[in-house]
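Ligands are counted one by one from 1 in listed order, and the atoms in each one are counted from 1 as well.
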Amino acid sequence: MITRRNLLKRLSALPLIGGLVGSGIPLSGSFAETLPEAVAKRDVLKELGVRTFINAAGTYTAMTASLMPKEVMDTIVTSSQRFAMLDEVQDKVGAKIAELCHAEAATVTAGCWSAMVLGLAGVLTGTDRKKISQLPNLERMKNEVIVQKSHNVGYVHALTNTGVTIIPVETVADVEKAINSRTAMMWFLNYQAPDGQIQHEEWVALGKKHNIPTMIDMAADVPPVENLWKYNDMGFDLVCVSGGKAMKGPQSAGILMGRKDLIEAARLSAPPRGGTIGRGMKVNKEEILGMYVALEMYIKKDHAKEWKSWEDKVFHISETAKKAGNITTDVTVPPIANHTPYLQIEWDKSYFNITRQQLQEKLRAGNPSIEVMGSTDNSISITVFMLNPGEEKIVAKRILEELNAAKV
Ligand SMILES: *Cc1c(COP(=O)(O)O)cnc(C)c1O
């Protein structure tokens, strides 16, 4: 039997506790049994042979978007050990989120997409139980949603899920002409704002003039953090945002916030209630609470400091890659959506015998595996906001290695 003291001595003699587990040294007998829980934890991703990777690409849904901070995970683990009434958790978390984001009310949804379905369901049905159970059959209900043509992209499927028809418009005159007794809502897609003729304030004003609720999808549009309350302050009746992108909440969580009567109505289509269009959009209490903690942490963090750290990481990767020679780098920041520095690394095709896809494949096949993006044939694109501390060094080193190896 190994005493705790001896065990600690043995462990401290090792370079890293993580190194022990990763080293392949078999842990057995009393030694394994006395190991601290954190060391002996089962790694199911590893067990199943699931490839894990350094995410230098961004908050892509397919790449599982973001990693939750420890405080969020602690909230999930701790709350998982007790029962609570699902509605009470939503009531209390919703009140806190509403306060943080200057909204009358809020509720945690199964992502931004589900916020749109439930929000529109609330607009269509109000608190009428018969209408709620009837969706997506819109008999006795309004059935049109006005959307600017440039905003009419794939995400509107969240709206048409309720049975409505999208009415595309371009100008204010189009909106005035399109509005009729069947108009249920006016929807705005924030990241497409620059491509539309009608901007936020005017959209809200048109809605108010005709007494039609307005909804904005700002799924990936923090940073800047102010966007979390900007559109509530502006007068949008409903605001939808993703929880698992830059906010680093649970990937399958999001927030619907806005007018109290509409949030109450939306919740009537959401679990625990069944026989509704939203029954499959359940969020468990752990994720509701985790979402709240992630939001609170996100609002409280030092955003200027975080931005500076992103710039430092981008600079490090850029300078390292340039050592290969005949490399040009460029840093851009999308004005809306995933508003974070993007580093483009471009190589001169006459000096390097590698395509973007081949470089992506080499980085993916390396150890550790790395995911990067790219659009042209001789460049890759990198974001650093999903990197764990220190990973920028690994990314920089691997890119330089592969570029050097590809020299003609
Ligand atoms: C990601 C995204 C969504 C979907 O959000 P989820 O949180 O994944 O449900 C909707 N709209 C836009 C613009 C998005 O970027």
Taking the side chain as every heavy atom from C-beta outward, state whether Trp310 and Pro223 have any atom pair closer than 4.5 Å.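 They are in contact (side-chain heavy atoms under 4.5 Å apart), so the answer is yes.
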
State, yes or no, whether a side-chain contact exists between Asp237 and Lys208 at a heavy-atom distance under 4.5 Å. yes

Would you check the N or O atoms of Trp113, main chain and side chain alike, for any that come under 3.5 Å of an N or O of ligand 1? yes

Geometry only, no angles: is Ala110 polar-contacting ligand 1 at N/O separations under 3.5 Å?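 Ala110 vs ligand 1: no N/O contact under 3.5 Å.
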
Using the side chain to side chain contact (heavy atoms under 4.5 Å, CB included) definition, which of the options Ile382, Thr383, Val384 pairs with Lys313? Val384

Tyr231 and His200 aromatic ring geometry - parallel, tilted or perpendicular at 30°/60° bounds: parallel

For Trp203 and His151, take the angle between the two ring planes, folded into 0 to 90°, and tell me which bin it lands in: parallel under 30, tilted 30 to 60, perpendicular over 60.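 If you compare the ring of Trp203 with that of His151, the planes turn out parallel.
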
Taking a cutoff of less than 4.0 Å between a non-hydrogen atom of the residue and any ligand atom, is Val241 in contact with ligand 1? no

Heavy atom of Met218 under 4.0 Å from ligand 1? no

Starting from [atom], what is the nearest protein heavy atom, named by residue and atom, and what distance separates them?
atom                    : answer
atom 15 (O) of ligand 1 : Lys245 NZ, 2.9 Å
atom 12 (C) of ligand 1 : Ala219 CB, 3.2 Å
atom 11 (N) of ligand 1 : Asp217 OD2, 2.8 Å
atom 5 (O) of ligand 1  : Ser242 OG, 3.1 Å
atom 3 (C) of ligand 1  : Tyr155 CE2, 3.4 Å

Can you name the atoms of ligand 1, numbered from 1 with element, that are less than 4.0 Å from a heavy atom of [X]?
X      : value
Tyr191 : 13 (C)
Leu189 : 13 (C)
Gly111 : 7 (O), 9 (O)

Mark yes when over 12 heavy atoms from residues, nucleotides or ligands other than Gln357 sit less than 6.0 Å from its CD; otherwise mark no. no

Between Asp312 and Ser309 (side chain of the first, backbone of the second, donor and acceptor by atom type, cut-off under 3.5 Å), is there such a pair?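 Pair absent, no side-chain N/O of Asp312 close to backbone of Ser309.
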
Determine whether a donor-acceptor pair (N or O, by modelled atom type, separation under 3.5 Å) exists between the side chain of Ser133 and the backbone of Lys130.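 Between the backbone of Lys130 and the side chain of Ser133 there is a qualifying donor-acceptor contact (under 3.5 Å).
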
List the steps, then state whether salt bridge (Lys or Arg N to Asp or Glu O under 4.0 Å) holds for Lys308 with Asp302. CA-CA 10 Å; Lys308 173 76 172 55; Asp302 184 339; over 6 Å; no

With backbone taken as N, CA, C and O and side chain as the heavy atoms from C-beta onward, which portion of Asn190 lies under 4.0 Å from ligand 1: side chain, backbone, both, or neither?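 The answer is neither.
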
